[in-house]
Visitor: 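Handing you this structure, nothing more for now.
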2 protein chains.
Amino acid sequence: MIKTNTRKSPEHTRQLVLSATLQLFTEKGYFNTSVRDIARESQVSIGSIYHHFNDKEGVASAMYNDLLKRMSESLEDIQRNNDSAHERCHAVIELLFKVTEEEPQLMEFMMYSKHREFLPDEAPICSAQPFMLMREMVAHGMETGEIQNLDLMVASSCLYGGAIRMITSRLDGIIEKSLLEYVESVWECSWRSIAVNQLV
Amino acid sequence: MIKTNTRKSPEHTRQLVLSATLQLFTEKGYFNTSVRDIARESQVSIGSIYHHFNDKEGVASAMYNDLLKRMSESLEDIQRNNDSAHERCHAVIELLFKVTEEEPQLMEFMMYSKHREFLPDEAPICSAQPFMLMREMVAHGMETGEIQNLDLMVASSCLYGGAIRMITSRLDGIIEKSLLEYVESVWECSWRSIAVNQLV
DNA sequence: TTGACTAGAACGAGCGTTCGTTCTAGTATT
DNA sequence: AATACTAGAACGAACGCTCGTTCTAGTCAA
């Protein structure tokens, strides 16, 4: 045996694998990444990977759920710390932009990866919890009278759609400056699109 | 030899292959579709496929460019037949919704398929011609004073973002009714988000 | 007859996965 | 303190299979 991963903890190994996997999947995609690639990049042996996750799909699935969970936690924080829909939704867009800048790979995976091609049993991303929380905030805004009484899908698509489009453009390299510089102007447009008319 | 594809024309064969491919790619994705699958579905032999397209990527590439071209032509029609940015952009959203309803597979492929995973040399979709035409319409609206003087990316993201989000939701099965029923309400929100203030 | 086209068997590379084994850290026994 | 034992983490060669692609033989229209 040439070298041995001096054992730390199962959790440590899992994290090694997951972070290498995120890196590789966002770089080359699921199908262009082999388990061997993951083993090489994470310095964890193939056998170990199969020991911790059952198969390649298990790795993808674990990673995906990790990311969704982290995202949901952030959104719940926002919900706790803000009362009005106006503040909450603004904070959401700021969060999404910040994550895009700080962890573009994470964002790319969540946005782009059409995970259903390799995780066919997962729900589509927009019925996943983070997006449901985002819609919930919009619904709350309708109740408090901040937001026009529209179809919920229409309202949340219009409110978040602009920001999401900015994110994908940024990830595709079409936008060169940091998204954080655009928060306020995107927010003004997005909010105006569905807010009840105030004095203009 | 058991049977022979009664020979029609090279163009006919190409179309058989491309339409089967669109079907398969949107159904199962590029990587879950083998050349054998395409041959079976299109009733064109493997040899023929390789004769007409050089390789699997060639099939994908031909199809992708076909779709972009058709989309561009529709957008140019819109540009020709409408003068104001207001009319043009409204027509664009209506077009996108209509295509989504009539040819969801086409839309799904263009929207979702992260084509860069298998067409790494193509530009990202949002710098492809259709999206450039869409941005051009927005720029035109700024010149005529219909649209606020915003950063071009911000303005077009906000104008089209809501509609695009509706499309992906529809494709994911989150929206059950035809998008055509939402055209006007989405349009009102989208346009309000970036139009210069008129009397409210 | 020629050359574009069709056909599908054959090929080899690379894949996900398995499995027999080794290694390590911790526990129980003395 | 020394030893024996155990659970499970780590290892990677090997397997079987599927894939994209090639190749040779055959077909048909001009």
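In what follows, every chain begins at residue 1, and chains take the letters A, B, ... in the order their sequences are listed.
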Visitor: Mind checking what makes side chain to side chain contact (heavy atoms under 4.5 Å, CB included) contact with B:E136, not counting sequence neighbours?
Guide: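 B:E136 satisfies side chain to side chain contact (heavy atoms under 4.5 Å, CB included) with B:Q79, B:L133 once adjacent residues are dropped.
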Visitor: Rounding to an integer number of Å, can you tell me how far A:R14 CZ sits from D:dG8 C1'?
Guide: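 To the nearest whole Å, that distance equals 16 Å.
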Visitor: Could you tell me the separation between the CD atom of B:Q43 and the C1' atom of C:dA7, rounded to a whole number of Å?
Guide: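 Taking atom C1' of C:dA7 as the reference, CD of B:Q43 is at 13 Å.
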Visitor: With a 4.0 Å cutoff (strictly under), does any side-chain N or O of A:H51 reach OP1 or OP2 of D:dA9?
Guide: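 Checking A:H51 against D:dA9: at least one side-chain N or O falls below 4.0 Å of OP1 or OP2.
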Visitor: Output the rounded distance in Å from CD1 (A:I49) to P (D:dA13).
Guide: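 Distance check: A:I49 CD1 to D:dA13 P gives 15 Å.
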Visitor: Test of understanding: with side chain to side chain contact (heavy atoms under 4.5 Å, CB included), list the residues that count as partners of B:E188, not counting sequence neighbours.
Guide: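 Result, side chain to side chain contact (heavy atoms under 4.5 Å, CB included) vs B:E188: none returned.
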Visitor: Can you list every ring-ring contact (aromatic ring centres under 6.0 Å, His included) pair that touches residues 34-54 of chain B, not counting sequence neighbours?
Guide: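 Qualifying pairs: none.
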Visitor: Check residues 175-183 of chain A and write down every donor-acceptor pair under 3.5 Å in which the side-chain atom is one partner and the other belongs to a residue at least two apart or another chain.
Guide:
unit_1 : atom_1 : unit_2 : atom_2 : d
A:S178 : OG     : A:L180 : N      : 3.1

Visitor: May I ask you to evaluate whether A:H52 reaches the phosphate of D:dA10, defined as a side-chain N or O under 4.0 Å from OP1 or OP2?
Guide: yes
Visitor: Ignoring backbone atoms, test whether B:S45 places a side-chain nitrogen or oxygen under 4.0 Å from the OP1 or OP2 oxygen of C:dT6.
Guide: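 No.
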Visitor: For the residue pair B:H90 and B:W191, is the inter-centroid distance of their aromatic rings smaller than 6.0 Å?
Guide: no
Visitor: In whole angstroms, how far is the C1' atom of D:dC19 from the CZ atom of B:R40?
Guide: 13 Å
Visitor: With sequence neighbours excluded, give me every salt bridge (charged side-chain N to carboxylate O under 4.0 Å, His left out) pair touching residues 15-43 of chain A.
Guide: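 Matches after skipping sequence neighbours: A:K28-A:D37, A:D37-A:R40.
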Visitor: At less than 4.0 Å, is any side-chain N or O atom of A:T13 found next to OP1 or OP2 of D:dA10? Yes or no.
Guide: yes
Visitor: How would you summarise protein contacts on nucleotides 12-18 of chain C per nucleotide, using B for base, S for sugar-phosphate only and - for none, with heavy-atom distances below 4.0 Å?
Guide: ---BBBB
